[in-house]
Every structure is written in C-alpha cells, then in structure tokens.
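Have a look at the structure below before the remarks.
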Amino acid sequence: MSAKPAGKTKPSCSEGGDLRVQTDNGETFITATQRPDGSWRKARRVKEGYIPQDEQPKYQNRMQLEASSVRSSVPVGMNPRGAGAVRKPVSAIKANVCITPQDHFQKKIDLTKKKLEDIEGMEARIASGELVPQPNQVKKIERKQEYLDEIEKLAQEMEKL
C-alpha cells in the first residue's frame, strides 16, 4: 500500500467527512491528515462507497423507527404528549473546542499560566505568613521554572505553525 497515490488526482468529499482522492487507475484514497499533536495519519486506500464507522448511521429497529416518525410529526419544541412544554434549543457548537493546532497550543499555554498564578498566590501567602506550606505545595513551587520554560517552548512551537 503506497502512502501517496500516483497520477492525476481529483478531490472528492461527497462520501464522508474526509478528503478522498481518486487516481487515474480508479483507486480511491483517503488523504493523509495531521493530528492535533502534529503527527500524521497515513493515507489509506478504500473501496468505492466506503463510509468510516463513526460516520455510519446508528442502527434502529422497527419500533425505534416508528417512534421517531411519530416524534417528527410534532412541531419542533412541542411536547408530543400535548403538554405544550417548550424545550430549550441545544447548541451543537462547544465553546472551548480546539479546532486548529494554534488553539491547542494556546489552551496548553493558558493552563500552564493558571498553574503559575496558583504558585505566585501561594508564594505571596507564604511570604505574608498566612500559609505554612505542605510538602506537596513546596514541590509545586519548585516547579515554577519548569512551567516558565514550558510556556516559552509552547509559544515558540506555536509561532512555527
């Protein structure tokens, strides 16, 4: 199995959510894609009409199909039993989902900065005498430089993208 198809290619996203390339000799490939961690998935040769398992529709038996057809005859937001209770719309978009590699790096930077803020807060409370540090808190404070280095490294990697 070759990682890159040879010959003239034409992209097709009609079957499934991935990019498919069809070669001159009729073979279809799912192109290589990059994961959020920077590693790559290999290109895969697939048969015509292949649908990935996570994109296949969920199996429903006859009773479930009948129940869903009854639900679809009722207007959206209306209770099928006639109570008239209106349901709140459900948002399909999640607010803090990382979409691009830059988003992933920014999220890691933000989490590391939050750890640094906790350490600085502990240091201030120790300096004022308000807190007597526990052994695990001392270990966390000792990792302050490690967190600073990690932020710097992540920022450099984000700039490379």
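For the single chain, residues carry numbers from 1 onward in sequence order.
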Give me the one residue out of K108, K114, Q106 that meets side chain to side chain donor-acceptor pair (under 3.5 Å) with D110. Q106
Does a side-chain N-to-carboxylate-O contact under 4.0 Å join E150 and K153? no
Test Y50 against I30 for side-chain contact (heavy atoms from CB on, under 4.5 Å), laying out the working first. CA-CA 10 Å; Y50 169 76; I30 295 177; 4.0 Å; yes
Checking the side chain of Q34 only, and the main-chain atoms of G38 only, is there a donor and an acceptor separated by less than 3.5 Å? yes
Do K115 and K144 have side chains that get closer than 4.5 Å, going by heavy atoms? no
Does the side chain of R143 reach to within under 4.5 Å of the side chain of K139, using non-hydrogen atoms? no
Looking only at heavy atoms, what is the nearest atom pair of H104 and P36, with distance? NE2-CB, 3.3 Å
Do F29 and R44 come close enough that some side-chain heavy atom pair is under 4.5 Å? no
With side-chain contact (heavy atoms from CB on, under 4.5 Å) as the criterion, how do L116 and I151 come out once you've worked through the C-alpha distance, each side chain's angles and the decisive distance to 0.1 Å? CA-CA 10 Å; L116 281 174; I151 289 174; 3.4 Å; yes
Is there a side-chain contact between I126 and Q137, using heavy atoms and a 4.5 Å cut-off? no
d(K140 NZ, D118 CG) to nearest 0.5 Å is 4.5 Å
To the nearest 0.5 Å, what is the distance between CD (E159) and CG (L154)? 11.5 Å
Rounded to the nearest 0.5 Å, what's the gap from CZ on R45 to CD on E27? Could you check? 5.0 Å
Above 12 or not: heavy atoms from other molecules or residues under 6.0 Å from CZ of R35? yes
For Q134 and V138, what are the C-alpha separation, side-chain angles and deciding distance, and is it a side-chain contact (heavy atoms from CB on, under 4.5 Å)? CA-CA 6 Å; Q134 300 293 320; V138 172; over 6 Å; no
One pair to check against side-chain contact (heavy atoms from CB on, under 4.5 Å): T28 and K47. What are the steps and the verdict? CA-CA 7 Å; T28 304; K47 293 182 180 178; over 6 Å; no
According to a 4.5 Å side-chain heavy-atom criterion applied to Ile, Leu, Val, Met, Phe, Trp and Tyr, with indirect links allowed, do L148 and M122 form part of one hydrophobic cluster? yes
Heavy-atom side-chain proximity of Y147 to I119 below 4.5 angstrom: yes
Check for me, please, whether L131 and I141 land in the same ILVMFWY cluster - side-chain distances under 4.5 Å, paths through other members count. yes
